[in-house]
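Structure, as structure tokens:
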Amino acid sequence: MFVRVETGIRRFEAMVEAVDRDDIWGRMAKLQRRYELRCPKCEKKFWLTPELIKTSWVNGTFEGYRCPDANCGGIAKEEEEEAA
């Protein structure tokens, strides 16, 4: 990272202080735990997106999130990730 002149140095220092003060790294870790799942079939990690939502073709209820690997076919559920 390259920071220019005094103004840039002060802004950079303020950003570092904000990270510590606001627990940015802790908040980022919580977001990762919430929105990143692991496929139970192939074990790959992936980020949740609306396109990956799997619903029942019978009644439309939520079943989980499809693995983004087209050849896998695994369905990850949030409960499984939390139990791991």
Side-chain angles (χ1 to χ4, degrees):
M1 179 177 283
F2 182 75
V3 180
R4 290 183 179 208
V5 296
E6 287 297 316
T7 304
I9 293 169
R10 285 194 302 275
R11 287 183 182 167
F12 179 73
E13 289 172 347
M15 285 178 18
V16 170
E17 289 173 11
V19 166
D20 292 337
R21 179 185 65 242
D22 299 335
D23 190 28
I24 299 296
W25 301 123
R27 290 168 49 194
M28 292 291 287
K30 287 179 186 176
L31 285 172
Q32 184 173 1
R33 285 191 298 272
R34 177 182 276 172
Y35 296 110
E36 183 181 53
L37 292 182
R38 183 184 302 269
C39 176
K41 190 172 178 182
C42 70
E43 297 293 317
K44 292 180 183 175
K45 286 186 173 183
F46 63 94
W47 290 96
L48 304 183
T49 63
E51 299 82 33
L52 298 176
I53 292 174
K54 168 74 170 114
T55 57
S56 168
W57 63 272
V58 175
N59 60 12
T61 58
F62 174 78
E63 292 184 353
Y65 294 91
R66 291 187 309 275
C67 178
D69 185 343
N71 298 320
C72 175
I75 303 294
K77 298 180 181 177
E78 293 176 284
E79 306 87 51
E80 292 173 1
E81 189 68 17
E82 290 173 4

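Throughout, numbering of the chain's residues begins at 1 and tracks the sequence. Note that the structure is a prediction, hence the values are computed from the model and not measured.
Checking side-chain atoms of K54 against main-chain N and O of E63 turns up no donor-acceptor pair under 3.5 Å. No donor-acceptor pair closer than 3.5 Å links the side chain of R66 to the backbone N or O of C72.
With hydrophobic clusters built from ILVMFWY side chains whose heavy atoms lie under 4.5 angstrom apart, L52 does not share a cluster with W57.
To the nearest 0.5 Å, the span separating NZ on K45 from CG on L37 amounts to 10.5 Å.
Scanning all heavy atoms of the two residues, the minimum distance from A76 to F46 falls at CB-CZ, 3.8 Å.
Inter-residue side-chain proximity for I75 and Y65 is flagged as unmet; no heavy-atom pair is nearer than 4.5 Å.
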